[in-house]
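Below, read A as the first sequence line, B as the second, and so on, with proteins coming before strands; counting in each chain starts at 1.
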Amino acid sequence: MTLAVYNTMSRAKETFVPLDPGHVRMYVCGPTVYDRAHIGNARPVVVFDTLYRLLKRTYPRVTYARNITDVDDKINARAAQSGRSIRDITEETAAWYHQDMDALNALRPDVEPRATEHIGEMIALISALIDKGHAYAAEGHVLFSVASMADYGALSRRSRDEMIAGARVEVAPYKKDPGDFVLWKPSTPDQPGWDSPWGRGRPGWHIECSAMSGKYLGESFDVHGGGQDLVFPHHENEIAQSTCAHGPGTFARYWMHNGYLMVEGEKMSKSLGNFFTVHDLLAKAPGEAIRLTLLSTHYHQPLNWTDDGLTQAKQALDRFYSALERAGEGTADAAAVEAELRPVLAALEDDLNTPAAIAAMHDIAGRLNKSADAAERAVLKSALSQAGGLLGILAQTPESWRRAGAAGGPGDAEIDAMVAARNAARAARDFAEADRLRQALADAGVTLEDGPAGTRWRRG
RNA sequence: GGCCGGAUGGCAGAGUGGUGAUGCAGAGGACUGCAAAUCCUCGUACGUCGGUUCAAUUCCGGCUCCGGCCUCCA
């Protein structure tokens with residue numbers, strides 16, 4: 001296969017050529033654990049999980065690393081304000097994060113390193129940067145010297161002059177250059193801190209990703225992903241740290257960034273009241289529907305999150321599951337399945353074009369619905385199911401999908417009993433009673449489908 | 001102010017220098033006791049103004065509008 005990815009570094013779509021075809025390595029910036037993940041946090045997780053699934057299908061070994069930032073001033077602030085310990089907050093939040101991302105069918109990364117467990121590696125990296133003349137200590141801080149790096153700004157395509165001209169923040173007096181950024185900063189006694197050659201302190205934001213990606217993926221690796229908002233300064237500074245420490249040409253080969261997420265046409269923010277956590281959303285929609293909504297827009301485009309979009313994703317899943325359920329059982333010819341899956345793979349291989357992949361799945365589902373040939377149905381069913389596996393959807397049985405729904409209302413047994421009563425009425429041609437029962441179920445949010453295999457029902 | 005994206009039919013959303021993806025919604029029909037699901041038919045969209053071209057939604061430029069980033073700092 002030929003995978004093409006849009007590389008932010010070159011601003012062009014490039015053919016993906018792994019450094020080691022026997023072992024593909026990718027790093028994605030993970031959460032700072034101080035609060036529930038919101039839907040904007042979920043987008044890169046779902047996007048890069050989909051890439052991970054595609055890579056795993058193509059290459060014999062893939063290592064996916066995603067960090068957990070558990071030392072950060074936002075965490076300190078949360079601890080001070082709540083009176084709880086930092087450890088309590090980070091452990092609880094990391095557990096929530098796992099629950100929520102699991103519910104979106106995001107596979108766990110192979111490595112999930114925590115910043116606080118890699119302080120030693122960070123100190124070593126900072127020391128190396130000082131030794132090579134790329135960093136300096138000043139007033140308890142260690143700063144990266146932007147002037148020491150000729151091509152600083154290559155990823156975000158900013159010149160240092162532009163950055164200085166555009167700076168709107170007062171420059172700290174200990175910086176030699178306004179563009180210099182913090183690698184290490186001093187901690188007060190009440191702040192978390194570690195002993196270092198520069199005194200007790202804590203790491204700056206960017207250094208952990210350089211230290212941990214280097215440890216788990218090597219000095220050079222294939223893909224580095226994250227949200228577009230991380231291009232500058234975070235990823236720019238990671239590049240500066242890693243390439244200055246390890247040499248030119250090292251670090252990530254392909255930089256992939258997902259677009260921003262908006263809600264109902266507006267920027268998501270707490271003050272606008274359009275701030276949704278994944279946890280809240282899971283209470284009103286299945287995880288797969290949330291996931292499919294996130295994949296319904298190409299990852300590079302801005303995504304406008306709407307209730308209508310979520311409803312449409314759920315309807316698409318209804319259609320896919322319904323096609324799978326009506327397909328029946330049968331053994332599929334593997335080569336034929338591969339051929340049917342081709343359009344889906346081709347879409348994903350073209351810079352992860354998930355909307356086109358979903359359209360290809362609709363084509364498969366449509367042909368599956370109208371096929372009268374059992375062997376063909378088995379092929380199409382298998383292809384649809386495998387396509388779902390690549391996108392991280394269609395992971396449950398059609399029956400559990402259609403029976404899942406909002407909590408409350410009649411239970412499965414009660415619904416089954418009402419359906420049986422209605423069918424008895426139909427057999428007796430008492431259609432008034434049959435329709436009364438169906439209406440009662442409809443009022444409870446249950447839809448009936450009479451078919452050759454009997455009556456099926458669905459919630460929602 | 002600097003830099004970077006984006007503008008496609010009622011909605012969502014791909015894509016392409018020349019046969020109007022795909023889904024949802026809507027209209028008609030088949031099927032059904034009635035429905036639901038499914039199937040069939042139906043939509044002449046590409047912000048604006050110019051340019052290049054035999055031909056532009058697709059390439060180039062101006063304009064308008066929308067969104068984001070501008071260094072650890074809220």
Would you please name every residue forming a ring-ring contact (aromatic ring centres under 6.0 Å, His included) with [X], sequence neighbours left out?
X: A:Y321; answer: A:W401
X: A:Y260; answer: none
X: A:F144; answer: A:F181
X: A:W457; answer: none

Check this for me, if you would: do [X] and [Y] make a salt bridge, where the nitrogen-to-carboxylate-oxygen distance has to be below 4.0 angstrom?
X: A:E340; Y: A:R367; answer: yes
X: A:D280; Y: A:R36; answer: no
X: A:R342; Y: A:E349; answer: yes
X: A:R456; Y: A:D450; answer: no
X: A:R436; Y: A:E433; answer: yes
X: A:R202; Y: A:D73; answer: yes
X: A:R53; Y: A:D49; answer: yes
X: A:R426; Y: A:D435; answer: no

Between A:S10 and A:E14, is there a side-chain donor-acceptor contact under 3.5 Å, judged purely by atom types and distance?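 A donor-acceptor contact under 3.5 Å links the two side chains.
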
Would you say A:D70 and A:Y34 are linked by a side-chain donor-acceptor pair, where the criterion is simply a distance under 3.5 Å? no

Does A:S296 place a side-chain N or O at less than 4.0 Å from the phosphate oxygens OP1/OP2 of B:rG13? no

Checking A:D412 now: which residues fulfil salt bridge (charged side-chain N to carboxylate O under 4.0 Å, His left out) with it, not counting sequence neighbours?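 Listed in chain order: A:R403, A:R459.
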
Would A:K175 count as a cation-pi partner of A:Y136, with NZ or CZ less than 6.0 Å from the six-membered ring centre and within 45° of the ring normal? no

Could you tell me the separation between the [atom1] atom of [X] and the [atom2] atom of [N], rounded to a whole number of Å?
X: A:L261; N: B:rC69; atom1: CG; atom2: P; result: 13 Å
X: A:L292; N: B:rA12; atom1: CG; atom2: P; result: 17 Å
X: A:I75; N: B:rA74; atom1: CD1; atom2: C1'; result: 17 Å
X: A:R402; N: B:rA36; atom1: CZ; atom2: P; result: 17 Å
X: A:Y152; N: B:rU71; atom1: OH; atom2: C1'; result: 6 Å
X: A:N304; N: B:rC66; atom1: CG; atom2: C1'; result: 11 Å
X: A:D363; N: B:rG23; atom1: CG; atom2: P; result: 9 Å
X: A:H234; N: B:rU71; atom1: NE2; atom2: C1'; result: 13 Å

Show, in sequence, the C-alpha distance, side-chain angles and deciding distance for A:V263 and A:T306, and conclude whether the side chain to side chain contact (heavy atoms under 4.5 Å, CB included) test is met. CA-CA 6 Å; A:V263 171; A:T306 63; over 6 Å; no

Strictly under 3.5 Å: I want the nitrogen or oxygen pairs between protein and nucleotides 4-9 of chain B, one per line.
none

For the [atom1] atoms, the ones on [N] and on [M], what distance do you get once it is rounded to whole angstrom?
N: B:rG10; M: B:rG1; atom1: C1'; value: 40 Å
N: B:rC49; M: B:rU41; atom1: P; value: 36 Å
N: B:rG61; M: B:rU22; atom1: C1'; value: 33 Å
N: B:rG51; M: B:rU57; atom1: P; value: 14 Å
N: B:rA12; M: B:rA37; atom1: P; value: 23 Å
N: B:rU64; M: B:rC54; atom1: P; value: 32 Å
N: B:rA7; M: B:rU48; atom1: P; value: 13 Å

Heavy-atom contacts under 4.0 Å between [range] and RNA chain B, which residues?
range: residues 379-399 of chain A; value: none
range: residues 351-360 of chain A; value: A:N353, A:P355, A:A356, A:A359
range: residues 308-318 of chain A; value: A:D308, A:Q312, A:Q315

Both A:D180 and A:R326 contact RNA chain B. Taking the nearest nucleotide for each, which residue is further toward the 5' end? A:R326

Please find out if less than 6.0 Å separates the ring center of A:F320 from that of A:H362.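 Yes; A:H362 has its ring centre under 6.0 Å from that of A:F320.
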
Hey, mind stepping through A:I89 and A:I86 against side chain to side chain contact (heavy atoms under 4.5 Å, CB included) and telling me if it holds? CA-CA 5 Å; A:I89 290 170; A:I86 286 172; 5.8 Å; no

Sort me out a list of protein N/O and nucleotides 39-41 of chain B N/O pairs below 3.5 Å, or just none if empty.
residue	atom	partner	partner atom	Å
B:rC39	OP1	A:N369	ND2	3.4
B:rC40	OP1	A:K370	NZ	2.6

Readout for nucleotides 28-35 of chain B: B = base within 4.0 Å of protein heavy atom, S = sugar-phosphate only, - = neither; 5' to 3' it is -----BBB

Which class fits the ring pair A:W255 and A:F251: parallel under 30°, tilted 30 to 60°, perpendicular over 60°?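 Correct class here is tilted.
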
Any stems for RNA chain B, made of 3 or more Watson-Crick or G-U pairs in a row, each with both distances under 3.5 Å?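 Expected stems, ordered by start: B:1-7 with B:64-70, B:10-12 with B:22-24, B:26-30 with B:38-42, B:47-51 with B:59-63.
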
Smallest separation among heavy atoms of A:H235 and A:G226, with atom names: CE1-CA, 4.2 Å

Nearest 0.5 Å, what's the NE2-CG distance between A:H246 and A:L129? 8.5 Å

